[in-house]
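Take a look at the structure below.
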Amino acid sequence: MNLDQFLLKDKIQEIQNGFKIKNGWLLIYEFSYDEIESKAIFCCLIKNEYFEKYSLCHSWPIQHGYEGKSNVYGDNSYKTYDNEEIEPFLFHKSFNIKNDQVNYIDIAEEFVLYYKLYEEITDKQNRKYYFVNDYGELDEVIIIENNIVKIKIKYLKEYLTIRDMHFFISFEYMILLKSVQNDWNLEFFENDISNKNYFYNHLVRNFGSNQSWLIGNYFIKPNSFKKSYLDFDNFHCEDFIIGIDENGDNILANPRKESKANFTFTYFKKEVLNKYYNNPTEYEIDSFSLSNKYFRLKIDNNLTDIIPVMLTDLVILPEKEQLHWKQYNISITEDFKLSSTYYNTMILGNWYESPESIDLYFKHSYNEFNKKWFEKYGWNLYKPLAKEDSFNLKALHLITENNIKSFCEQTLTIVKLTIDRINEKEIVKGLQLESNCKGISKFQKFFENKNMDIPDLFEFLRHLQSLRSGLIAHTFSSTNKDCKKALEYFRFNERDLREIHKEIFEKSIKTFKTLERYLL
């Protein structure tokens, strides 16, 4: 140990530089002792009107293990706090349980209740408290681990401000050395050091051992104005594009400042929904909304390339979701563009029968066809998805980019929902089949048995199956003749993948309609 370490210069520097605030976290509890060095950090709340009284000395306002809550006096009167000027924030708990000694720190219940903190417990000595916002997102507020307690400063300062209180961090550092080096030329002193942020005493003396002792308080002040997380007026909202001015620049408006009566719309690229389609266990998307268990955003999801949203509806989104939508925000040349389905339903109040968007219409037709088939035959032509596979239908959507990976994933889902789910067990009943007759061939035999000849339908299904087998589900091989024919059928070398994908949706829907016309 050198002289600077003995004189606790690193601790003094730390106090003068803002105490133990690092990356938004504040250390408010720590105790450790050995023969040479010891440190102690504790804390409490001081009512604003008594701040000056307690800020003019280095003594701790409250002692570890003697928090003074609650108290019964000799006349049997009860007080919540022993000292009404001071409020404990941490409570040292100690229990003698049989042959065990249990010690841990508790947090003031007032603070926990104010934020409705969620407690995650490893054990009593290792716990975390989280703030849970309206959208189910967790934010760490307090960490208790390894005899240390840390708190996120922004939550503490809001709490202080609402409560009209200051926060005192009481600290004590001590070093004891039986002997020191002669060249230290050690001088003994005792000084009080203070400013608006702290008051501490530094004592260096010899009483058989050489002692360097630093004790005092650091003050955390409330914010200059009151702001509660419960205050909706403090919720930040992004600006979005609502038009183009005479110079060709975007006109921006804020959802919170717009009147619903104006029916102002803003527009987004269709790609904005990909994030939500990729998480079908959490999000639901239909013709008119994007939703999860925390919010429901009204949208017009019936157009091919864009998503119109009424500006004021965006207020419902969490801030980080607004940022996601903002990056897909676009201006459009039309003065006003909505699907007829959205306009008739959401504006005029006439409920729609079916969605316009081809992917949503596929889902609608798929479900309606299955329902009608079962009502007539008592069994499902397309076997229901297992619970574990239900995400496939929810995540299905028309691709928004000329991207082969997205094309393969979404086309594979269509095949899974249709060709792979054909109820072969039921359709083969009463049929005379050759031993090598498989899936689509069995399906065709089912129709031939009913004197139905639909070559175009089965041509499409076979090419779709070949596409799945030769390009999507397995590694592509130039020797796979069926796959090459499928690529020619869908004109892969001539068209954008989005166009091909749309055709697959259209012909799949036509399959449902054809089956309905002939069999239902």
Side-chain angles (χ1 to χ4, degrees), residues 3-22 24-33 37-69 81-92 105 108 111 148-151 153-154 156-161 163-176 186-205 207 210-224:
L3 178 59
D4 285 348
Q5 290 172 322
F6 175 75
L7 293 177
L8 298 167
K9 288 190 175 181
D10 58 332
K11 306 301 181 187
I12 293 171
Q13 189 68 43
E14 192 175 71
I15 294 164
Q16 294 176 348
N17 288 343
F19 199 63
K20 292 182 175 292
I21 300 175
K22 185 177 181 181
W25 287 89
L26 174 66
L27 180 65
I28 60 173
Y29 177 90
E30 184 177 13
F31 279 79
S32 64
Y33 299 89
E37 188 172 359
S38 64
K39 58 183 172 182
I41 296 172
F42 203 53
C43 60
C44 68
L45 298 156
I46 306 288
K47 291 182 179 179
N48 285 349
E49 57 265 38
Y50 301 106
F51 167 70
E52 186 174 352
K53 171 183 175 180
Y54 289 95
S55 66
L56 297 178
C57 66
H58 63 264
S59 300
W60 286 21
I62 201 169
Q63 295 296 320
H64 173 256
Y66 298 92
E67 292 86 8
K69 175 182 172 67
Y81 301 109
D82 182 49
N83 185 339
E84 296 297 336
E85 302 170 357
I86 301 171
E87 191 173 307
F89 190 78
L90 300 179
F91 298 88
H92 177 260
I105 292 295
F111 183 81
I148 285 176
V149 179
K150 294 186 291 185
I151 188 169
I153 190 70
K154 73 171 186 177
L156 176 63
K157 293 204 71 171
E158 178 185 317
Y159 181 71
L160 295 177
T161 308
R163 296 287 313 278
D164 293 320
M165 302 184 99
H166 278 66
F167 195 76
F168 273 46
I169 305 174
S170 301
F171 53 84
E172 180 181 6
Y173 302 101
M174 187 184 298
I175 293 178
L176 293 172
L186 188 63
E187 297 181 1
F188 303 125
F189 62 84
E190 180 176 4
N191 294 325
D192 282 334
I193 300 96
S194 66
N195 72 6
K196 63 179 182 178
N197 296 319
Y198 53 77
F199 192 116
Y200 66 87
N201 176 270
H202 192 191
L203 169 67
V204 176
R205 64 180 178 179
F207 61 102
N210 294 286
Q211 179 190 42
S212 181
W213 185 15
L214 193 68
I215 184 171
N217 298 287
Y218 189 90
F219 320 129
I220 304 292
K221 297 177 174 60
N223 294 318
S224 56

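Along the sequence shown, residues carry numbers from 1. Since the structure is predicted, the reported quantities are computational estimates derived from the model, not experimental observations. What you see below is based on every heavy atom in this structure, not just the backbone, and it leaves out hydrogens, waters and symmetry mates.
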Can you tell if the side chain of Asp10 reaches within under 4.5 Å of the side chain of Glu14, non-hydrogen atoms only? no
For the residue pair Cys44 and Ile62, what are the closest heavy atoms and their distance? CB-CG2, 3.4 Å
Exam field: side chain Asn48 to backbone Asp164, donor-acceptor pair closer than 3.5 Å: yes
Checking Trp60 now: which residues fulfil side chain to side chain donor-acceptor pair (under 3.5 Å) with it, not counting sequence neighbours? none
Kindly write out the residues that satisfy ring pair (Phe, Tyr, Trp, His ring centres under 6.0 Å) with His58, not counting sequence neighbours, or none if the list is empty. none
How long is the gap from CG on Leu156 to CE on Met165, to the nearest 0.5 Å? 11.5 Å
Indicate yes or no: at least one non-hydrogen side-chain atom of Lys157 is less than 4.5 angstrom from one of Pro222. no
Can you name the closest pair of heavy atoms from Cys43 and Ile28 and give their distance? SG-O, 3.7 Å
Atom pairs and distances, donor-acceptor, side-chain atoms in residues 167-174, under 3.5 Å, two or more places apart:
| from | atom 1 | to | atom 2 | distance (Å) |
| --- | --- | --- | --- | --- |
| Ser170 | OG | Asn217 | OD1 | 2.6 |
| Glu172 | OE2 | Trp213 | NE1 | 2.9 |

Under the criterion side chain to side chain contact (heavy atoms under 4.5 Å, CB included), I'd like the reasoning laid out for Leu27 against Lys22: C-alpha separation, chi angles, the key distance, then a yes or no. CA-CA 9 Å; Leu27 180 65; Lys22 185 177 181 181; over 6 Å; no
Heavy atoms of Ala40 and Phe31 approach each other most closely as CB-CE2, 3.4 Å
Got more than 12 heavy atoms from elsewhere within 6.0 Å of OH, Tyr33? yes
From Ile193 atom CD1 to Asn201 atom CG, the distance as rounded to the nearest 0.5 Å: 7.0 Å
With sequence neighbours excluded, what pairs up with Phe189 under the ring pair (Phe, Tyr, Trp, His ring centres under 6.0 Å) test? His202
Could you walk me through whether Phe219 and Asn195 pass the side chain to side chain contact (heavy atoms under 4.5 Å, CB included) test, one step at a time? CA-CA 10 Å; Phe219 320 129; Asn195 72 6; 6.0 Å; no
Looking at CG of Leu186 and CZ of Phe6, how far apart are the two atoms once the value is rounded to the nearest 0.5 Å? 5.5 Å
Sorted by chain and residue number, the side chain to side chain contact (heavy atoms under 4.5 Å, CB included) partners of Gln16 (sequence neighbours excluded) come out as Ile12, Tyr198, Tyr200
Is Ile215 close to Leu203 at the side-chain level, that is, under 4.5 Å between some pair of heavy atoms? no
Rounded to the nearest 0.5 Å, what separation is found between the CD atom of Glu87 and the NZ atom of Lys47? 7.5 Å
With Gln13, which residues qualify under side chain to side chain donor-acceptor pair (under 3.5 Å), at least two apart? Asn17
Which atom of Tyr29 lies closest to which atom of Leu90, heavy atoms considered: CB-CD1, 3.5 Å
May I ask you to decide whether Arg205 forms a salt bridge with Glu190, counting only side-chain N to carboxylate O separations under 4.0 Å? no
Of all the heavy-atom pairs spanning Glu67 and His92, show the shortest one and how long it is. OE2-N, 3.0 Å
Glu49 atom CD, over 12 foreign heavy atoms within 6.0 Å: yes
Residue pair Phe91 / Ala108: nearest heavy atoms and the distance that separates them: CE1-CA, 3.8 Å
Test item: Ile41 and Ile148 side chains (from C-beta on) under 4.5 Å apart, heavy atoms: no
Straight-line distance of His64 NE2 to Ile105 CD1, nearest 0.5 Å: 4.5 Å
Given side chains that start at C-beta, do those of Asp192 and Phe199 come closer than 4.5 Å, heavy atoms only? yes
Quick one: pull up CG in Asn210 and CD1 in Ile175 and give me the separation to the nearest 0.5 Å. 11.5 Å
Is there a side-chain contact between His166 and Leu160 in this structure, where contact means two heavy atoms from C-beta onward sitting under 4.5 Å apart? no
